[in-house]
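To keep things clear, I will list the structure first and then write my remarks on it.
Owing to the predicted nature of the structure, the values given are computational and were not obtained by experimental measurement. Letters go in sequence order (proteins before strands), and every chain restarts at 1.
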Amino acid sequence: MEMLKVENLNVYYGNIHALKDMSLTVNEGEIVSLIGANGAGKSTLMLSIMHQIPAKTGKVLFQGKDCLTQKTFDIVKEGMTLVPEGRHVFPRTSVQDNLLLGAYYRRDKSEVKKDLNRIYEMFPRLQERRRQLAGTLSGGEQQMLATARALMSRPKMLLLDEPSMGLAPIIVDQIFDTIVRINKEGTTILLVEQNANQALRIADRGYVLETGEKTMEDAADKLLANDQIREAYLGA
Amino acid sequence: MSEVLLSTQNLSKSFGGIMANKDINFHINRGEIVAIIGPNGSGKTTFYNLLTGITRCSGGTITFEGKNITGKKPQEITKLGISRTFQNIRLFGTLSVAQNIEIARHCRTSSTMWDALWHTKKYGTEKEENAEAVERCMEYVGIADKKDWKATNLPYGMQRKLEIARALATDPKLILLDEPAAGMNPKEKEELMDIIRKLSSDGYSVILIEHAMRVVMNIADRISVFNYGEKIADGLPTEIRENPVVIQAYLGKGASADGNA
Amino acid sequence: MKKIHISLRKPQAGELKANRKVIAVCVVLAAMLFICFLDDFTPSGRVIPNYFKYVIVVSLIYSVASLGINFYSGYQGDTSLGHAVFFGTGAYVTAYLTTQFSGINFWASILIGMAFSAVLSLPVAWAGSRVKGSFMVVITYGYCEIFRYLAINSNTLGGTAGMAGIPSPKIFGVRITKIPWLPSNKDGFILILMAIVGFLALFTYRIVNSRVGYALAAVREDEIAAYAMGVNVKAYKRLAIITSAVITSVAGSFYAGFTNVADPSLFGATLSITIFTMLVIGGRRSISGAILGAFIVVICPELLRYVQDLIGLPFDPWYILYGLMLVIIMRFKPEGLLGTKES
């Protein structure tokens, strides 16, 4: 079943055509990776899907509902969450409260508590620092927190923009393990990663973006094997 | 080549009882590339803040070119020849690429309000020298075609390069790079590695905090490993890669071997 | 939410824009001179009402203040609601010295006022090196109120009534208000103030594009990065507030010399807010904007008072429109009328 469908989306920044006739689908239960160079439009696409940036023409359908007529917070209520690029944690709020704010819309308090403990299991570092203000964490720890906070909302669909940026290799592994795990538990995932190698390894399908256009789409393992892709994005 | 450029002796910093850096003994030779790796929150950026004088150390000394520079003000340290980039990119956002680099010439120029008001000879020469330096630094990292772009409008990877250009414009002897490869794709990482290698062969010394192991293992002459504010290991890339303590604390299962990070 | 914005526009003023600016300046200059000298050539006497010239002089005085605050709230980037301290200091120093020490002339009193203002700006610099911008708003506001109460309660400074009878300045022994070849008593002020505003515009332009201006920009954009570039952040913050205070003080001195009185409201928060508003309306970090802002805030209420009389409104429409204007400008052009957009 189609979870997310983007049709002929066109986005402009002033005169610049940032997304050109972008179309993609994400089916329920899938992990889909977007790869491409800096400035290819990956983050723009993510933000447009969440209706943080207005699109000129085109459609974004989440579970059949039009996102472009909805406000971002309504889209989140529907069950789609974005972890934006960069470390947007609440700096003057404790680590634990940051995580609980991620579960803002949830009513199942006991489940929230369970999830919190699970997050602490996954990221012991955050447990050690749960009373600390998020702004006092190191850069990498803040990234960890931002990703963990998104997981707390238990979305049906999660958009992740560069979740592994600036993290130690061992934590990167954990983040990817976590993504796979929550995917198995029923969350559909759209993933943007510079770390294309690892991203494609856990993905079902992938899209390649270049200067605002989709240049390729295929099964993830086929992309991994594609020589052109290997040279341009996988550094092999 | 084995002349020591910068060294620290038992350098320590505590934030409200928590030791962010504890008794760090570190050194870098002229022309060397030394990488610092370690888990998130292990005190790597704190170490940079101590070296550049932005944070005052609680104990220990820093020696640069044989002189004790502990406790010096950040602007004095920049003038002595240490410059840096920032993990969370700190460009002067509303200014152009060229202006960002020209600001970095501050420590190498000295014209005053008086010179500026009357456009004295000194003002003119310095403006010319600055323009040359700006050109040179933009060329060095390959962003010359973006000269008039507003810094915030540059793509992420280029912002990182601009930070390096800006650090370079202060005429440093030692450059501290804080996660320069973060957010870069493999191709950009290659370009970055070329830039760092060029810096080293041009006589600059480089300290590099980085999580991208392919970058670290490829270009570092030596690697220091931090964990919980302490330096737990120091050695050649090949040694560090095999070090069981480092693998357990930082590298994880197989990440180090194929260097896909 | 992070805003992504890509622009190919050059951030610096292009060639064409610069030319347009030069033309605009020439037009304004010509208009001013025309206003000053027109009556010299009209045989029947007054064509330009003296009242109109009065408004121009006041606008020019506030232009000086607005250019002054631009160094602090524009280029260095901290909000000040306390610039009346320096305006008032200039006015009171001139008032006191020219009335009490009859020997001291107006021009010397300006310099002494500048020195006083420079000293009085140091506590602001000291506070600014310790606390963040939003606290500075409250601190500067409180600072100017302290001076207002001091002035009210000081007998030497004339208490609530302030000091009156300040003589008009002389130039080469001739009163500025009675220069024989000028048609009215305001024209001397207009010419001198135009020269001062012109000089300040050049001064600002050249400083901003120099090493000093770049250092101020660095401090404004990111203090940590500024340190890393070798900029002595504290010293430049101090420099910005001192320069700003000294220029604003000149405006105060002229105000006293022109209106012949100095009263405690010149230290008041209302005046502080007015000066700040002029800059914000015109555009922070814009020279022409600072001047335009001053003219708008001075001329509009006068114009509206005229409208009020004309249609017989029972209240002054200015205060409503003033607020409305601010809201509209901040909503649709937050960078000010002539300011440059920030990403």
Task: Pick from B/P155, B/S111, B/A104, B/C107 with the largest number of heavy-atom pairs that fall under 4.5 Å of chain C - done: B/S111

Open item on the list: For chain C, which candidate among B/R166, B/H119, B/E102 shows the most heavy-atom pairs at distances under 4.5 Å?
Closed with: B/H119

Open item on the list: How close do B/T112 and C/V212 get, counting heavy atoms only, and between which atoms?
Closed with: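 Closest heavy-atom pair between B/T112 and C/V212: C-CG2, 4.1 Å.
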
Task: Side-chain donor/acceptor of C/R211 to backbone N/O of B/T109, under 3.5 Å - done: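 Confirmed, C/R211 side chain pairs with B/T109 backbone.
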
Given side chains that start at C-beta, do those of [X] and [Y] come closer than 4.5 Å, heavy atoms only?
{"X": "B/M113", "Y": "C/F203", "result": "yes"}
{"X": "B/F86", "Y": "C/D222", "result": "no"}
{"X": "C/E221", "Y": "B/N100", "result": "no"}
{"X": "C/Y214", "Y": "B/R105", "result": "no"}

TODO: Look at the rings of C/F199 and B/W118 and say which category their plane angle falls in: under 30° parallel, 30 to 60° tilted, over 60° perpendicular.
DONE: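 Tilted.
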
Is it the side chain or the backbone of [X] that comes within 4.5 Å of chain C heavy atoms, both, or neither?
{"X": "B/I103", "result": "both"}
{"X": "B/T85", "result": "neither"}
{"X": "B/K73", "result": "neither"}

Open item on the list: So, taking the atom named CG in C/N232 and the one named NZ in B/K79, what distance separates them when rounded to the nearest 0.5 Å?
Closed with: 11.0 Å

